[in-house]
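Reviewing the structure listed below.
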Protein chains: 2
Amino acid sequence: MKIDPDNKADLSAQIAKAIRDAIVSGDMIVDQRLPSEAELADQFAVSRSTVREALKRLAAQSLIRTQRGAFGGAFVNRLSYQEAYGDQITTATLLLSMNGISFDVACEARYALERACTPLSAERRTADILATMRAEIHRQGQPGLSDESFCASDVAFHRALVDGAGNPVLSYQLAGAVEAMQPLMNMITFTARSREAIVALHTRIADALERRAPDAAQEALHELEAYTLHLGRDVMANRDKAALDKESARA
Amino acid sequence: MKIDPDNKADLSAQIAKAIRDAIVSGDMIVDQRLPSEAELADQFAVSRSTVREALKRLAAQSLIRTQRGAFGGAFVNRLSYQEAYGDQITTATLLLSMNGISFDVACEARYALERACTPLSAERRTADILATMRAEIHRQGQPGLSDESFCASDVAFHRALVDGAGNPVLSYQLAGAVEAMQPLMNMITFTARSREAIVALHTRIADALERRAPDAAQEALHELEAYTLHLGRDVMANRDKAALDKESARA
DNA sequence: ATACATTTAAATGTCTGACATTTTAAATGC
DNA sequence: GCATTTAAAATGTCAGACATTTAAATGTAT
């Protein structure tokens, strides 16, 4: 592992890259211990602080973990789905909010991805998954549930749908898409009537999965997408109108 | 922004979290300047080195960028798709390689996600996307192409299929799934006959998209999945057999 | 001999202060 | 008025010290 002496980028970034490359390429394997900070400082001919900054970069990406004390140090971390989920969701949420992604586009992506899971879920759904879906449907029917809680339950329902496919790679890839929608969904006011409609569609989906009927599930999901889009567009229209009103009031 | 004095986790991790939360919650907006390192050190009552380690963590996640010089500092970064792609691919690749994901599972996820895009791609594909697909198909037919280049072209073809849907969120979400398969695909030796079969299927997909025929594209994609799975299983079987042979030879 | 307590050494975590480098705005000189 | 120089503010890097944590090694009493 070496760094380019002509490169004038931050040393800590270069060192992080060198170590990251070694991990990604398989040169360093899971649970392998990195040299101590002092040794790394020697090897790269930099100060310990610079090495530490590099290691913190890698720690932020969950590529390494550190342990204090004797026989401690930095170790190559086994990237778990759980850790990856969190980052995935944070990144997806920021991408949506920072790049002005419209409700339509986000909604389309989310339902397209969920439809990819539906046939697999219909085939493989366990009793456990069905129970989760039923429980969330029940919660969604409770009177007095806040809009935010309704949204959270909605996310839980859809995650169950995705997890039902029994493919961890799919679950990981979709975590971001499903959860990143939540801030957008939270802007929606769910009236009693719209909740009723959503619960009915959720029930149809759960029923279809229970019967192992992929086509019926697909159809209900399509209707749910159309309905969600409808709700979202109302919100966006009102929001744009409010912004315009404010604009004209100022003039 | 404050940190919990009772928390005994690393201060730099706590500070990074506090700032990250401020960014994710929208408390700090894109291009807003953070206080200087010295000011942050004062605010959090820690040393400058600790603040720097926190900032390096955030920089590793592309949440901030730093600029040297007067009127420089750390600024909230607009997370671009390009940056996010890179991390997405790295993470997905590591998840697959570190968690012993089987070829079957990865393959299933990839094609399920691509099928989610196909109807949209059939509807919206531009002439540009079609041209890219045709060019990659042509390259794949060239004699003397290395297996690795064939794989790279295969990835390019599938990315065009995904990008054809014209939904940046989908493109982002699928980048990881498609690209992370490449190391696994690279273990396959593509014979002349298997290349011919793949090129034929790619051509069918491109033709179907050109005709805006989602069902035909879907069907060809299904066949491609089955064929890829078949090739992959051969490789895995041979690899396992070789490992067993080696094992018994040692005994 | 075993169980428990103590010591010790190695590592990361934190702090301080200094200097180098980069960059921009302001001051200066022509 | 324009070009040049200077100053200031910020990040980047270094060196050295001390604090804290942890597990192994050692010692001690039953």
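By convention in this document, chain letters (A, B, ...) are assigned in the order of the sequence lines, proteins followed by strands, and residues within each chain are numbered from 1.
Under the 4.5 Å side-chain criterion, counting only non-hydrogen atoms from C-beta, A:Ile23 is in contact with B:Met98. When side chains are defined from C-beta on, B:Met181 counts as touching B:Leu184, because their heavy atoms get closer than 4.5 Å. For the pair B:Pro168 and B:Tyr81, the minimum side-chain heavy-atom distance is below 4.5 Å. A heavy-atom distance below 4.5 Å is found between the side chains of B:Asp104 and B:Leu229.
If you measure from atom CG of A:Leu11 to atom C1' of D:dT13, you get 8 Å, rounded to the nearest angstrom. Following rounding to the nearest Å, A:Asp42 (CG) and D:dG16 (P) show an atom-to-atom distance of 12 Å. Rounded to whole angstrom, the span from the CD atom of B:Glu39 across to the C1' atom of D:dT11 amounts to 13 Å. Taking atom CD of residue A:Glu37 and atom P of nucleotide C:dA11, one finds them 10 Å apart after rounding to whole Å. Separating the CZ atom of A:Phe44 from the C1' atom of D:dC14 is a distance of 17 Å, rounded to the nearest angstrom. In this structure, the CG atom of B:Asp10 is 11 Å from the P atom of D:dT21, given to the nearest Å. Rounded to an integer number of Å, the gap from B:Gln14 CD to C:dT14 P is 9 Å.
A donor-acceptor contact closer than 3.5 angstrom links the side chains of B:Tyr111 and B:Thr228.
Counting only distance, with no hydrogens or angles, the side chain of B:Thr93 and the backbone of B:Ile89 share a donor-acceptor pair below 3.5 Å.
B:Arg33 comes within 4.0 angstrom of the backbone, heavy atoms only, and of no base.
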Discussion item. At under 4.0 Å between heavy atoms, how does the protein contact nucleotides 23-28 of chain C? Give one character per nucleotide, 5' to 3', with B, S or -.
Written reply: BBS---
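With rounding to the nearest 0.5 angstrom, the CG atom of A:Asn167 is 8.0 Å from the CD1 atom of B:Ile101.
Of the residues in residues 48-56 of chain B, those with a non-hydrogen atom less than 4.0 angstrom from any atom of DNA chain D are B:Arg48, B:Arg52, B:Lys56.
With A:Glu179 as reference, A:Arg159 is the one residue of A:Gln88, A:Arg110, A:Arg159, A:His158 to meet the side-chain hydrogen bond (donor to acceptor under 3.5 Å, both in side chains) rule.
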Practice prompt. Report the C-alpha distance between B:Glu53 and B:Lys56 in whole Å, list the side-chain angles of each, state the deciding distance to 0.1 Å, and finish with yes or no for salt bridge (charged side-chain N to carboxylate O under 4.0 Å, His left out).
Written response: CA-CA 5 Å; B:Glu53 287 176 11; B:Lys56 293 313 155 203; over 6 Å; no
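In terms of phosphate contacts, B:Thr66 brings a side-chain nitrogen or oxygen within less than 4.0 Å of OP1 or OP2 of D:dG12.
Which of D:dT13, C:dC15, C:dT12 sits closest to the side chain of A:Ser47 comes down to D:dT13.
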